[in-house]
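In what follows, a single structure is set out as structure tokens and then discussed.
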Amino acid sequence: MDLQRPDVDMVVWGRRIPATWEGALTNCSQAPSALTLAGTPSEISDSLVNPALQQDWSPLILTDVRDLSALFGALTGGIRQHIQLITPSREETAFELPPDALRLICAYGSVGPEWCGSQNPKSSIVSTLTPFAVAFIKGAAEGKPGCLHRLPANIANGARPGPVLVMDTISR
């Protein structure tokens with residue numbers, strides 16, 4: 001319900017996951033390729049049962065992507081979605097505003113995406129989402145403030161970030 005308030009740019013669901021998930025996914029290795037899907041929540045659900053995807057991606061992640069797509073669809077009235085399941089590179093990533101849409105981000109690894117409520121992250125506090133938390137980020141309309149965010153940046157000790165789910169609404 002908070003997403004409908006005009007003064008709220010982001011809502012975080014700090015969900016509790018089963019211990020088996022945490023053990024299996026916190027040290028998740030890099031997947032061989034990114035997964036990109038577009039469609040309605042039911043089309044996405046159908047695509048996620050492809051046996052080739054089951055070989056590349058953890059069934060736990062694919063099931064969660066399906067469930068989050070259904071939730072995202074319920075929040076957005078079932079409009080089309082664009083889904084990316086990617087492993088961020090180790091390079092520095094830039095902060096960005098999502099387009100004038102709703103974005104969902106969830107990280108399946110030891111570190112989560114970063115966000116900043118200010119338009120200038122260099123002079124503001126940058127916070128990190130906890131792994132497995134789900135952030136719903138409103139897009140910034142022309143000339144209006146929004147919530148800057150970025151995929152996990154450089155990680156200490158050479159650790160690899162786990163996969164990150166980025167889900168956007170698609171205009172009809």
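Being a predicted model, the structure only gives us computed values, none of them experimental.
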Check [X] against [Y] and note the closest heavy-atom contact, atom names and distance.
| X | Y | answer |
| --- | --- | --- |
| Ala38 | Ile44 | C-CD1, 4.2 Å |
| Ala133 | Val12 | CB-CG1, 4.1 Å |
| Gly78 | Pro41 | O-CD, 3.8 Å |

Among Thr169, Leu165, Thr76, find the one that has a side chain to side chain contact (heavy atoms under 4.5 Å, CB included) with Leu104.
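Of Thr169, Leu165, Thr76, side chain to side chain contact (heavy atoms under 4.5 Å, CB included) with Leu104 is met by Leu165 alone.
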Sequence-distant partners of [X], side-chain contact (heavy atoms from CB on, under 4.5 Å), two or more places apart:
| X | result |
| --- | --- |
| Pro51 | none |
| Leu35 | Leu37, Leu48, Leu53, Trp57, Leu62, Leu85 |
| Ser42 | Thr40 |
| Val11 | Asp2, Leu3, Val8 |

Would you say that [X] contacts [Y] through its side chain, given a criterion of any heavy-atom pair below 4.5 Å between the two side chains?
| X | Y | result |
| --- | --- | --- |
| Leu151 | Val166 | yes |
| Trp13 | Leu71 | yes |
| Arg80 | His82 | no |
| Asp64 | Tyr108 | yes |
| Phe136 | Val134 | yes |

Looking at residues at least two apart in the chain, or sitting in another chain, which of them share a side-chain hydrogen bond (donor to acceptor under 3.5 Å, both in side chains) with Asp168?
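Arg103.
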Partner residues of Ser127 under the side-chain hydrogen bond (donor to acceptor under 3.5 Å, both in side chains) criterion, sequence neighbours left out
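With sequence neighbours excluded, Ser127 shows a side-chain hydrogen bond (donor to acceptor under 3.5 Å, both in side chains) to no residue whatsoever.
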Measure the CD1-CE distance between Ile137 and Met167 for me, rounded to the nearest 0.5 Å.
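Taking CD1 in Ile137 and CE in Met167, the distance rounds to 12.5 Å.
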In Å, rounded to the nearest 0.5 Å, how long is the span from CD of Glu114 to CD1 of Ile125?
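Reported to 0.5 Å precision, the distance equals 13.5 Å.
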Do side-chain atoms of Gln81 reach the backbone of Ser69 as a donor and acceptor pair under 3.5 angstrom?
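Answer holds: yes.
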Where the side chain of Thr63 meets the backbone of Pro59, is there a donor-acceptor pair that is under 3.5 Å apart?
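It does hold such a pair.
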